[in-house]
Amino acid sequence: MKRTKLIASLMMCVFCLSFLVVGVWAAVVSVNFNLNAGLKYYPEGVYVEFSGQVYRGSSEETLEALTYDSRFTLEPITNYDNSTGEPSGNFPMESWEIGSIPFIPTEKVVKIEVTVVNHSEIAIIGTPSILVDENQEISTITNLSVTENDLDVLYMEAGDTAIYELILEVTDSAEINNTLSVSFDFSVPQANYDYFTINESNRITGLTQKYIEDKPKVLVVPGYTQDGQNSLSFASATSGSSGYVYTLANIASTAVIIQEGFSSIGVMVFPSGNNVEIISLPSTLTRINYYSNFSSLKKLYFADKNGWSSNGSGFSYEYSIDELSNPYSAAEACRSYLASYGMSKTA
């Protein structure tokens with residue numbers, strides 16, 4: 001049975017990685033890691049596939065897969081049954097039990113890589129978090145350097161493959177005795193109207209104190225008013241005593257997902273210095289006005305890739321469908337032109 005109507009009812013799913021870090025440096029340097037990865041539950045209609053690999057090396061550039069023991073490799077597992085040719089079911093996944101990962105004096109860097117494939121018919125967002133000893137921040141382990149690469153899992157369209165990386169490097173000879181856990185919250189993008197101020201003209205004029213307090217990594221922008229009667233848009237910047245105030249002056253999110261129904265983005269919406277790396281644009285959007293800052297943009301998704309161009313001050317550039325089909329190439333092609341000229345859709 002097709003599940004294209006399930007978006008409103010889908011709930012959150014969690015994929016957890018946890019491992020015990022214990023070790024003492026001695027004549028032969030070693031640190032042991034135990035990692036258990038298990039899916040707690042998935043909502044019906046969200047179908048994902050996981051696989052993983054552990055790497056070790058002297059640096060990030062020299063990492064090699066640990067293949068001498070099968071426990072360092074997670075073969076593809078899913079939360080669904082595809083025997084009929086159509087995903088169905090909502091099954092838990094078995095834990096990935098890695099066990100100890102030995103470091104050696106010349107190879108003090110370990111990478112745990114998890115590949116996630118979204119087999120759902122809809123886009124999903126994934127928010128990873130790392131805790132130490134259940135409730136502490138990772139920074140409490142002062143002799144372990146941790147690098148997290150989570151850009152790909154923050155927003156996944158149907159069919160996308162994302163790679164999450166957790167890189168661990170021992171930095172001194174002190175004992176390590178902590179439990180680290182990595183968890184992913186996967187959910188369907190849903191807008192929180194409490195994050196936005198909306199005027200009588202159905203334009204979003206800013207972000208609320210609630211947004212500032214929550215600081216969501218992914219900001220989902222609603223396409224319609226809460227009653228569903230009118231489409232929304234971003235208002236242009238306002239003029240203050242010390243100059244213009246950008247519409248999203250307080251934005252702190254890494255990803256911005258704009259939902260269907262949204263019509264336009266005003267002048268000076270995204271401030272300089274923002275950390276937005278991913279933007280997803282709906283098919284209903286027809287105009288992105290100039291003077292918004294997108295210097296950190298790495299992935300740009302277009303629901304409709306036809307008819308986009310940048311124009312202004314004698315400048316004209318038409319974007320090809322090929323340029324806009326890949327989110328990375330789209331971001332590269334549009335990044336500089338967006339700030340100076342904006343973009344508009346003519347078809």
Side-chain angles (χ1 to χ4, degrees), residues 3 6-19 35-53 74 76-80 87 90-96 111-131 138 146-167 180-192 195 214-221 252-259 275-281 296-301 303 326-328 331:
R3 291 174 170 82
L6 291 175
I7 294 179
S9 62
L10 291 178
M11 299 174 62
M12 184 176 293
C13 60
V14 180
F15 173 73
C16 292
L17 306 175
S18 63
F19 50 93
L35 186 150
N36 296 308
L39 176 68
K40 300 303 182 183
Y41 69 90
Y42 276 99
E44 187 177 356
V46 171
Y47 304 118
V48 291
E49 174 185 305
F50 288 95
S51 58
Q53 181 64 53
L74 175 65
I77 57 175
T78 67
N79 72 313
Y80 61 88
N90 180 14
F91 309 122
M93 292 182 181
E94 296 181 1
S95 295
W96 179 21
K111 179 177 74 171
I112 300 169
E113 181 179 281
V114 179
T115 301
V116 185
V117 184
N118 179 19
H119 290 294
S120 315
E121 295 180 343
I122 54 175
I124 60 176
I125 57 177
T127 307
S129 60
I130 307 173
L131 289 178
I138 190 65
V146 178
T147 302
E148 183 186 32
N149 297 322
D150 63 354
L151 181 67
D152 280 354
V153 299
L154 287 180
Y155 178 74
M156 300 178 63
E157 293 197 329
D160 275 359
T161 296
I163 295 178
Y164 171 84
E165 296 178 327
L166 185 64
I167 301 171
L180 284 99
S181 62
V182 180
S183 63
F184 295 88
D185 290 338
F186 286 101
S187 59
V188 176
Q190 292 185 336
N192 186 340
Y195 287 162
D214 290 354
K215 293 182 180 178
K217 208 162 190 178
V218 179
L219 176 64
V220 181
V221 180
S253 301
T254 303
V256 176
I257 313 303
I258 302 177
Q259 295 187 324
N275 296 315
V276 176
E277 298 182 7
I278 302 172
I279 296 179
S280 176
L281 303 176
S296 297
L297 191 63
K298 296 179 180 177
K299 299 176 74 175
L300 181 58
Y301 290 88
N326 181 289
Y328 287 100

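The first residue of the sequence shown is numbered 1, and numbering continues consecutively from there.
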| field | Main-chain N/O of Tyr47 paired to Ser120 side chain as donor or acceptor, under 3.5 Å | value | yes
| said: Measuring from atom CD of Glu49 to atom OH of Tyr80, what distance do you get when rounded to the nearest 0.5 angstrom? | reply: 5.5 Å
| said: Could you measure the distance from the CD1 atom of Ile257 to the OG atom of Ser280? Nearest 0.5 Å is fine. | reply: 5.0 Å
| request: Return the set of residues passing salt bridge (charged side-chain N to carboxylate O under 4.0 Å, His left out) with Lys111 (not counting sequence neighbours), or none when no residue passes. | output: Glu113, Glu165
| request: Give, for atom OG1 of Thr161 and atom CE of Met156, the distance between the pair rounded to the nearest 0.5 Å. | output: 6.5 Å
| Does some side-chain heavy atom of Ile278 sit less than 4.5 Å from a side-chain heavy atom of Tyr301? | yes
| query | Of the non-hydrogen atoms in Ser253 and Leu219, which two are nearest, and what is the gap between them? | reply | OG-CB, 3.5 Å
| Atom pair CD1 (Ile163) and OG1 (Thr115), whose distance is rounded to the nearest 0.5 Å | 4.5 Å
| task | Measure from the side-chain N and O atoms of Asn118 to the backbone N and O of Ile122, and report whether any donor-acceptor pair falls under 3.5 Å. | result | yes
| query | How long is the gap from CG on Leu154 to OG1 on Thr127, to the nearest 0.5 Å? | reply | 6.5 Å
| request: Heavy atoms only: give me the nearest Val116-Phe50 pair and the separation to one decimal. | output: CG2-CE2, 3.4 Å
| Between the side chain of Thr254 and the main-chain N/O of Glu277, is any donor-acceptor distance below 3.5 Å? | no
| Mind checking whether Pro216 and Tyr195 have side chains closer than 4.5 Å, heavy atoms only? | yes
| message | With heavy-atom distances below 4.5 Å as the criterion, would you say the side chains of Lys299 and Asp152 are in contact? | response | yes
| query | Do Ile125 and Ser187 come within less than 4.5 Å of each other through their side chains, counting heavy atoms only? | reply | yes
| request: Looking only at non-hydrogen atoms, find the nearest pair between Ile124 and Pro189 and report the distance. | output: CA-CD, 4.2 Å
